[in-house]
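Worksheet: the structure to be examined is printed underneath.
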Amino acid sequence: MDALDFGPRKELLTLVRSLRQRLQLDGEAGRPLSYLTRPVDVPGRRGLAITAEATAPAGETGLNGLGSALEEVRKELGECRRCALHRTRRRLVFGEGNPKADLVFVGEAPGADEDAQGRPFVGRAGQLLTKIIEAMGLKREEVYICNILKCRPPGNRNPEPDEIASCEPFLIRQLAAIRPKVICALGTFSSHALLKSEAPISVLRGRFHSYQGIRLMPTYHPAYLLRNPGAKKLVWEDVQLIMKALRNGV
Ligand code: URA
């Protein structure tokens, strides 16, 4: 496949290819292929299992109505006024998805659409992220999606260091609650904040780093891909490494 176009036909081809690979790997490993005939519903199971929790509609809190360690983090964040962004935000965007996800995407900060809806990655960049997730053979509900900042910087300006410093403890606690197998840091701000590195994203991407013992893959932000579609090929390379790590149980 060439540079991922994330169009419907390519998505379908990608899904077929992912399924074929998974069937082959599971067959080789002697794992049961029972998911071909019935939905997997193992309580507490992560990842590809589609549980009732994972498919419930996202609620106001982004917790899918779950009582969990994440819920505690959400409660403590409350109607946050720890930095100046609370004055200009419409909605706080905590994050959403599977609280037991194997894979967490961390973006930069909510934009206008996210600010209006209180949900992460629902605008144009979010639609592209959803296509990337689906091209990986996953559903949006199976992963967890959040940001470094929970509130929109006015005019989508870059996050300020004091805003990151106020918000980061909550991201750290979200990641500690989910404890995914892989984190995908979307873009420069997310990669720099999580890795405490100032290296360019072009240097960081393409290989795994470690965040608190969790494998972390930096890659380009979907908003960058909208402006630079040529970089989709590189993102596809990065997410293939993630898919391989998840298939191998990391
Ligand atoms: N960009 C981000 O980094 N996060 C969002 O939630 C939306 C756009």
Side-chain angles (χ1 to χ4, degrees), residues 6 57-64 70 73-74 77 80 83 85-86 88-99 101 103-134 138-161 163-168 170-172 174-175 178 180 182-195 200-202 204-205 211 216-229 231-232 234-235 238-239 242:
F6 303 117
E60 280 287 300
T61 59
L63 289 170
N64 296 343
L70 263 185
V73 185
R74 179 66 190 89
L77 185 60
C80 184
C83 81
L85 293 181
H86 78 273
T88 46
R89 74 163 181 242
R90 288 172 70 188
R91 307 269 301 264
L92 186 152
V93 182
F94 181 65
E96 70 179 22
N98 182 356
L103 175 59
V104 173
F105 289 90
V106 181
E108 180 178 314
D113 295 300
E114 292 76 21
D115 182 54
Q117 295 186 41
R119 297 179 55 209
F121 281 99
V122 290
R124 275 186 72 222
Q127 284 159 20
L128 181 52
L129 177 62
T130 303
K131 285 185 179 172
I132 294 170
I133 292 167
E134 287 170 357
L138 295 168
K139 290 185 177 169
R140 220 181 122 106
E141 299 82 15
E142 291 177 285
V143 302
Y144 193 85
I145 305 174
C146 57
N147 284 302
I148 297 286
L149 294 190
K150 310 297 185 226
C151 298
R152 181 191 183 205
N156 296 347
R157 64 157 170 73
N158 289 339
E160 296 286 352
E163 294 159 357
I164 294 178
S166 301
C167 230
E168 204 181 9
F170 294 93
L171 174 67
I172 291 171
Q174 275 174 298
L175 294 172
I178 300 167
V182 176
I183 296 167
C184 181
L186 298 168
T188 300
F189 277 94
S190 169
S191 304
H192 285 184
L194 290 167
L195 293 176
I201 183 76
S202 56
L204 293 172
R205 62 150 293 274
Y211 168 85
L216 185 147
M217 175 65 72
T219 196
Y220 291 111
H221 193 286
Y224 176 82
L225 297 184
L226 292 173
R227 299 189 302 273
N228 302 278
K232 286 180 181 174
L234 300 174
V235 171
D238 298 342
V239 300
I242 294 175

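Note that ligands are numbered from 1 as they come in the structure, with each ligand's atoms numbered from 1 the same way.
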Work out which heavy atom in Cys146 is nearest to a heavy atom in Phe121; give both atom names and the distance.
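Scanning both residues, the minimum pair turns out to be O-CE1, 4.3 Å.
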
If you take all heavy atoms of Pro110 and Asn156, which pair is closest and at what distance?
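It is O-OD1, 4.3 Å.
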
Under 3.5 Å between any N/O of Phe121 and any N/O of ligand 1: does that happen in this structure?
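So ligand 1 has an N or O lying under 3.5 Å from an N or O of Phe121.
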
What's the shortest distance from atom 4 (N) of ligand 1 to any protein heavy atom, and which residue and atom give it?
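Checking every protein heavy atom, the shortest distance to atom 4 (N) of ligand 1 gives Asn147 OD1, 2.7 Å.
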
Quick test: of every protein heavy atom, which one is nearest to atom 2 (C) of ligand 1, and how far off is it to 0.1 Å?
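Result for atom 2 (C) of ligand 1: Ala109 O, 3.0 Å.
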
May I ask you to list the atoms of ligand 1 that are less than 4.0 angstrom from any heavy atom of [X]?
| X | value |
| --- | --- |
| Glu108 | 2 (C), 3 (O) |
| Gly107 | 3 (O) |
| His221 | 1 (N), 2 (C), 3 (O) |

Please identify each residue that fulfils ring pair (Phe, Tyr, Trp, His ring centres under 6.0 Å) with Phe105, with sequence neighbours left out.
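Partners of Phe105 under the ring pair (Phe, Tyr, Trp, His ring centres under 6.0 Å) test: none.
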
Report yes or no: does a heavy atom of Arg119 sit under 4.0 Å from some atom of ligand 1?
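False for this residue.
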
Less than 4.0 Å is my threshold; does some heavy atom of Gly126 fall inside it relative to ligand 1?
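The answer is no: ligand 1 sits nowhere under 4.0 Å from a heavy atom of Gly126.
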
So does [X] pair up with [Y], basic N to acidic O under 4.0 Å?
| X | Y | result |
| --- | --- | --- |
| Arg140 | Glu96 | yes |
| Arg205 | Asp238 | yes |
| Lys150 | Glu163 | no |

